[in-house]
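Heavy atoms only: backbone and side chains are in, while hydrogens, waters and symmetry mates are out. Remember, it's a predicted structure, so these values are computed and weren't measured experimentally. Each chain gets a letter, A, B and so on, in the order its sequence line appears, and its residues count up from 1.
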Number of protein chains: 2
Amino acid sequence: MTAENRPRRSYATRAAILAAARERFAVDGYERATIRAIARDAAIDPSMVMRYYGSKEKLFAAASELELRLPAADGIPPGEIGTTLVGHFLDHWEADGTLAAMLRVGVTNPAGAERLREVMAQQLGPYVAALCPDPAEAPRRAALVATQMLGVALCRYVLRLPPVADLTRAEIVAWLAPTVERYATAAHP
Amino acid sequence: MTAENRPRRSYATRAAILAAARERFAVDGYERATIRAIARDAAIDPSMVMRYYGSKEKLFAAASELELRLPAADGIPPGEIGTTLVGHFLDHWEADGTLAAMLRVGVTNPAGAERLREVMAQQLGPYVAALCPDPAEAPRRAALVATQMLGVALCRYVLRLPPVADLTRAEIVAWLAPTVERYATAAHP
DNA sequence: CTATGTTGCCAACAGATGTTGACCAACAAC
DNA sequence: GTTGTTGGTCAACATCTGTTGGCAACATAG
């Protein structure tokens, strides 16, 4: 029997599959991202994908593990909450294709939508809860923030609506920060 | 030769196909909306779809003709611009599956994305141009409005993020109207 | 050395998909 | 009645999909 903690040769392959899967899911969505294409990108045989991940759905589940790693909520001075949050989202989006993959897949695949709901509820929810006046309405405020942040992401990275895609990072932050901060903290309209 | 203006019997079928296509595209997106399923919904043979629309892509093009029918831009008093615009979008979205179809398809299909870009540029663009201070920056302002409106639509009708889906129409209007009005008319942040 | 588990490729399966062409029924025109 | 057009069905096609099982190469254990 092999020692348990020796690094297996297959780890590299597993990682290559996961990386290729994330990219394909991000670019093509769930249906168009074929196992064969993912395998080709990872330079292995399609059957290996099945062996390591069981099925296409399980592969997607593995590829859509996501940590937003939002900055600490406390200690941000009012007036910089929006700036911080918008900036962080943009950074994360551009550094990691996982969010794009989840957005693309979430639109056409129930499991993908579920994943996105989880991320928003479990990671954005508590964050906003620490900021807003009445914790009871944190979910709704977080959801409003989500509409604006997912909206930019959709227009900028997925649909590539020219005016949105051409805006600089600074411009987006400047325009959206007041919106996001209002959703998170301001009194009811 | 047949008279040119007699209503053809096939008009009903064509319409049925189009209606079924819109619904399927809206619910399933481009790839999962199969011609066979659309034909089944329209209670005809799949080959009829091909005969009338040539190909799946052309069928989608026909199914995604869209008129936003935005209310007249002039005459809206400042302070009600956001309310009017947000309300109109919500109404349109709920009355007609076409927008949902275009959003779902736009995310996974290049032709769908192109369609959505067209609609935003040609219908929302001029509208915002009539409202904003400097016409030169109308496209960017319209695009900002689009990020917020498509963002709600995405969260509410496609992803069905619970807190967003549970908000009442009035609540959404109240929260989003200031955002949209600011994007369209306010001075640079 | 042999025995055993791991890593990988190959070929094939069953099912679904977009698309095509042959064929048939109804009907209008002559 | 014959003829040509229109609306529609049926069966098949080539291709692509996720998935499976078998088999070769290799590494490690004993």
Where protein sits on nucleotides 14-26 of chain C, one letter per nucleotide: B base, S sugar-phosphate only, - none, heavy atoms under 4.0 Å: ---BBBBB-----
Let me know the distance between [atom1] of [X] and [atom2] of [N], rounded to the nearest Å.
X	N	atom1	atom2	result
A/Tyr52	D/dT20	OH	P	17 Å
A/Asn109	D/dT17	CG	C1'	15 Å
A/Arg14	C/dG8	CZ	C1'	14 Å
B/Ile44	D/dT6	CD1	P	19 Å
A/Leu59	D/dG18	CG	P	10 Å

Exercise: do B/Tyr183 and B/Thr147 side chains pair donor with acceptor under 3.5 Å: no
Under-4.0 Å salt bridge between A/Glu114 and A/Arg117: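 Yes, charged N to carboxylate O under 4.0 Å.
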B/Arg104 and B/Asp28 ion-paired at < 4.0 Å: no
Under 4.0 angstrom between B/Tyr11 side-chain N/O and D/dG7 OP1 or OP2: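 It does not, given that no N or O in the side chain of B/Tyr11 lies less than 4.0 Å from OP1 or OP2 of D/dG7.
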Below 4.0 Å: OP1/OP2 of C/dT6 and any side-chain N or O of A/Ser10: no
Which atom of A/Val164 lies closest to which atom of B/Ala143, heavy atoms considered: CG2-CB, 3.3 Å
4.5 Å side-chain heavy-atom contact, B/Glu65 and B/Thr98: no
Touch class at under 4.0 angstrom, heavy-atom based, for B/Tyr53 against every strand present: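 Nothing, no heavy atom under 4.0 Å.
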Stacked cation flag B/Lys56 on B/Tyr30, 6.0 angstrom / 45 deg: yes
